[in-house]
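Below is one structure, written out as structure tokens; the observations come after it.
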Amino acid sequence: VACETGAESGIHMRAKQVIADRMRVALPAWGGNLLDRPNPPTGRDNLRRPYEGRRIDIPGSDAPLLEVHQEFVMDGFIPDVHAFDADGELLIEIRYTHAVDDQKEERVRAGGYRMFEIDLSGMDRDTPHDPDAFERLVLDEPANRAWICFPGAEAAWAESKRLLDERIEEINRQIEEDARREQREARQRLEALQAEAKDKEGRRAYMRHKLRTRHLPALAELPGRVSPDRIASFTADLEAQAADRIAELREGLPSALDRLCMKPDEDD
């Protein structure tokens, strides 16, 4: 453990000294991150349709340093390198075994500082013994560095996200207005259909009344014409007339034919 701690301390010291000696360092590119700042910003409207905001890309660059301080005590934390470039205060962390912890990152963000980290944890074991290779890895390698905090880029991303959210809000308002209009139009169509149906029913009722009027006298007589007593009397009269006619027809028939004609049948 002591050897590992000594090696880490030695790597840190050499990396910081290289930056202090050369008075320059390559700044990493900034392009957001998938979790906190997807780039470009994204969002969806109430219909789940996707939208994108303006992409924020800041390329990496070589930054001459105006001042460099090692182990500079700040408000509650100590960066590995405290420097100034053309854009102001710049904090640099050297990672060999331990990344920047959450507490330090929170303090950096609270102070609005720019900070990036140079990750030397994956370097070849022979690199520390090659001064030129080690120097290039610390100063120039774009793949081993990333921003911990970049207020300017993050503010630009936040503005892009704000504009996107406003755009989506406007789209959602239009969606809601369209939905309300469609509901009004559907209600109006239903009311029109109901009014038309009511009008048709009224016309049908009028025609029924008009056609029925001329039959009212007959309709008034109908209950009496179909009363059970009248039907029974009418049936009795028909049966009597039929009996007389049958008797006339049977006269003169041979007895065998008379029996055959008068024999009951299931279809009678």
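What you are looking at is a predicted structure, and each value in this text was computed from that prediction instead of being measured.
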Are any of the side-chain heavy atoms of [X] and [Y] separated by less than 4.5 Å?
| X | Y | answer |
| --- | --- | --- |
| Trp157 | Pro38 | yes |
| Trp30 | Phe116 | no |
| Pro59 | Ser61 | no |
| Glu93 | Met115 | yes |
| Val138 | Ile19 | yes |
| Leu90 | Leu27 | yes |
| Leu66 | Met23 | no |
| Asp62 | Arg24 | yes |

Tell me if a side-chain donor or acceptor on [X] pairs with a main-chain N or O of [Y] at a distance below 3.5 Å.
| X | Y | answer |
| --- | --- | --- |
| Asp45 | Ile168 | no |
| Thr42 | Glu52 | no |
| Glu117 | Val100 | yes |
| Thr127 | Met123 | no |
| Lys104 | Ile78 | yes |
| Asn39 | Gly31 | yes |
| Glu154 | Phe150 | yes |

Give a yes or no on whether a salt bridge exists between [X] and [Y], defined as a side-chain N under 4.0 angstrom from a carboxylate O.
| X | Y | result |
| --- | --- | --- |
| Glu201 | Lys198 | no |
| Glu182 | Arg187 | no |
| Arg22 | Glu135 | yes |
| Glu176 | Arg173 | no |
| Arg114 | Glu89 | no |
| Asp140 | Arg136 | no |
| Glu105 | Arg109 | yes |
| Arg145 | Glu141 | no |
| Asp165 | Arg162 | no |
| Lys16 | Glu71 | yes |

Test log, rule side chain to side chain contact (heavy atoms under 4.5 Å, CB included), inputs Leu120 and Ile118: CA-CA 6 Å; Leu120 302 179; Ile118 300 173; 3.9 Å; yes
Side chain to side chain contact (heavy atoms under 4.5 Å, CB included) between Val108 and Met74, intermediate numbers included: CA-CA 10 Å; Val108 169; Met74 303 190 70; over 6 Å; no
Lys NZ or Arg CZ of Arg14 over Phe134 ring: under 6.0 Å, within 45°: yes
Mutual orientation of the aromatic rings belonging to His82 and Phe72 [parallel < 30°, tilted 30-60°, perpendicular > 60°]: parallel
From [atom1] ([X]) to [atom2] ([Y]), nearest 0.5 Å:
| X | Y | atom1 | atom2 | result |
| --- | --- | --- | --- | --- |
| Glu106 | Asp102 | CD | CG | 6.5 Å |
| Asp80 | Arg95 | CG | CZ | 12.5 Å |
| Asp119 | Leu137 | CG | CG | 9.0 Å |

Audit row: Ile92, Val68, side chain to side chain contact (heavy atoms under 4.5 Å, CB included) steps and yes/no: CA-CA 10 Å; Ile92 306 171; Val68 173; over 6 Å; no
Derivation and outcome, side chain to side chain donor-acceptor pair (under 3.5 Å), residues Asp237 and Gln241: CA-CA 6 Å; Asp237 290 342; Gln241 294 174 16; 6.0 Å; no
ILVMFWY cluster, Leu65 and Tyr113 together (side-chain gap under 4.5 Å):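 No; tracing contacts between hydrophobic side chains, which count when under 4.5 Å, never links both residues.
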Side chain to side chain contact (heavy atoms under 4.5 Å, CB included) assessment of Tyr51 paired with Arg44: CA-CA 6 Å; Tyr51 298 89; Arg44 291 180 180 272; 5.8 Å; no
